[in-house]
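Structure record follows, encoded as structure tokens.
All values below come from the heavy atoms of this structure, side chains included, with hydrogens, waters and symmetry mates left out.
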Amino acid sequence: MRSCTWALGLAALLLTGCAAQQKYHWGSYEGAMYSYYKDPAKASEFAASLQQTIAAAEQAKRIVPPGVYAEYGFLLLQQGKSKESMEYFAKEKATWPESTVLMDTMTKTAGKTANAQASTQ
């Protein structure tokens with residue numbers, strides 16, 4: 001009986017060591033995205049949620065999930081904040097090199113928007 005208890009204890013200990021660790025900090029991303037997609041008028045709430053998710057991940061020294069920097073940058077671009085959006089496109093590209101082509105395109109678009117805004121002022 002003792003060996004059975006010991007074996008069960010060892011198995012429990014080994015299984016706890018195998019518990020999945022979250023690699024990324026998702027925060028409230030999923031719920032906020034769903035709410036935004038259902039009601040695009042909630043863009044500012046979604047942007048605030050993304051900003052909090054990014055800040056929490058960076059503060060905890062965890063990886064920002066794929067696409068979060070880019071999505072936040074795109075929301076900034078839609079708000080007319082071209083220069084700020086380019087910073088987040090660069091962060092996405094640095095964190096996720098496989099996004100290079102898309103982020104280069106988005107950065108180019110944001111640059112054109114920034115130039116157009118500057119010429120109208």
Side-chain angles (χ1 to χ4, degrees):
M1 188 67 165
R2 279 185 168 209
S3 63
C4 184
T5 305
W6 184 80
L8 285 174
L10 181 61
L13 182 64
L14 289 174
L15 289 175
T16 350
C18 297
Q21 300 293 319
Q22 280 195 329
K23 189 172 185 174
Y24 313 116
H25 175 77
W26 289 96
S28 61
Y29 175 75
E30 186 176 307
M33 181 182 64
Y34 178 75
S35 179
Y36 167 66
Y37 284 172
K38 278 186 69 176
D39 183 4
K42 294 183 178 182
S44 61
E45 293 173 20
F46 185 44
S49 176
L50 287 175
Q51 187 178 33
Q52 290 172 352
T53 298
I54 289 168
E58 289 176 344
Q59 185 177 13
K61 301 202 184 322
R62 293 180 67 193
I63 300 170
V64 174
V68 173
Y69 284 131
E71 191 146 18
Y72 183 60
F74 184 67
L75 287 172
L76 290 172
L77 183 59
Q78 288 179 321
Q79 295 171 358
K81 300 175 182 177
S82 303
K83 291 181 183 178
E84 293 93 335
S85 72
M86 289 190 283
E87 293 173 24
Y88 286 92
F89 295 149
K91 286 182 177 189
E92 181 76 21
K93 180 178 170 179
T95 306
W96 303 101
E98 60 269 31
S99 71
T100 297
V101 173
L102 178 59
M103 291 303 99
D104 286 347
T105 302
M106 294 304 294
T107 301
K108 189 184 296 185
T109 301
K112 288 178 185 176
T113 303
N115 290 337
Q117 288 171 342
S119 66
T120 60
Q121 291 178 351

Could K81 and E87 be called an ion pair, given the rule that one side-chain N must be under 4.0 Å from one carboxylate O? no
Atom pair CD (E84) and CG (L75), whose distance is rounded to the nearest 0.5 Å: 13.0 Å
Examine F89 together with W96 and report whether their ring centres are nearer than 6.0 Å. no
Kindly determine whether M106 and L77 satisfy side-chain contact (heavy atoms from CB on, under 4.5 Å), including the steps that lead there. CA-CA 9 Å; M106 294 304 294; L77 183 59; 4.3 Å; yes
Common cluster, L50/Y34, ILVMFWY with side-chain heavy-atom separation under 4.5 Å: no
Hydrophobic cluster identity match, Y69 and L76, side-chain contacts under 4.5 Å: yes
Path from Y37 to V68 over hydrophobic side-chain contacts below 4.5 Å: yes
Do you know which two heavy atoms are closest between S82 and T113, and how far apart they sit? OG-CG2, 3.3 Å
In sequence, state the C-alpha distance, the side-chain angles, and the governing distance for K23 and I63, and then conclude on side-chain contact (heavy atoms from CB on, under 4.5 Å). CA-CA 7 Å; K23 189 172 185 174; I63 300 170; 4.1 Å; yes
Ignoring hydrogens and geometry beyond distance, is a side-chain donor-acceptor pair present between S49 and S28 at under 3.5 Å? yes
Between D104 and K108, is a side-chain contact (heavy atoms from CB on, under 4.5 Å) present by the stated rule, with each step listed? CA-CA 6 Å; D104 286 347; K108 189 184 296 185; over 6 Å; no
Assess the side chains of E71 and Y29: does a donor N or O sit below 3.5 Å from an acceptor N or O? yes
Side-chain donor/acceptor of R62 to backbone N/O of A57, under 3.5 Å: no
Decide salt bridge (Lys or Arg N to Asp or Glu O under 4.0 Å) for K93 and E98; before the verdict, give the C-alpha distance in whole Å, the side-chain angles of both, and the deciding distance to 0.1 Å. CA-CA 7 Å; K93 180 178 170 179; E98 60 269 31; over 6 Å; no
Applying a strict under-4.5 Å side-chain criterion to I, L, V, M, F, W and Y, I'd like to know whether W26 and Y88 cluster together. yes
Student check: side-chain heavy atoms of Q59 and H25 closer than 4.5 Å: no
Sub-3.5 Å donor-acceptor pair from the side chain of T95 to the main-chain atoms of E92, do we have one? no
From the list F46, Y72, F74, ring-ring contact (aromatic ring centres under 6.0 Å, His included) with Y36 holds only for F46
Minimum heavy-atom separation for M86 and T107, please, with both atom names. SD-O, 3.7 Å
What are the two closest heavy atoms between G73 and S85, and how far apart are they? O-CB, 3.0 Å
Using only atom types and a distance under 3.5 Å, with no angle test, would you say the side chain of S35 pairs donor to acceptor with the backbone of G31? no
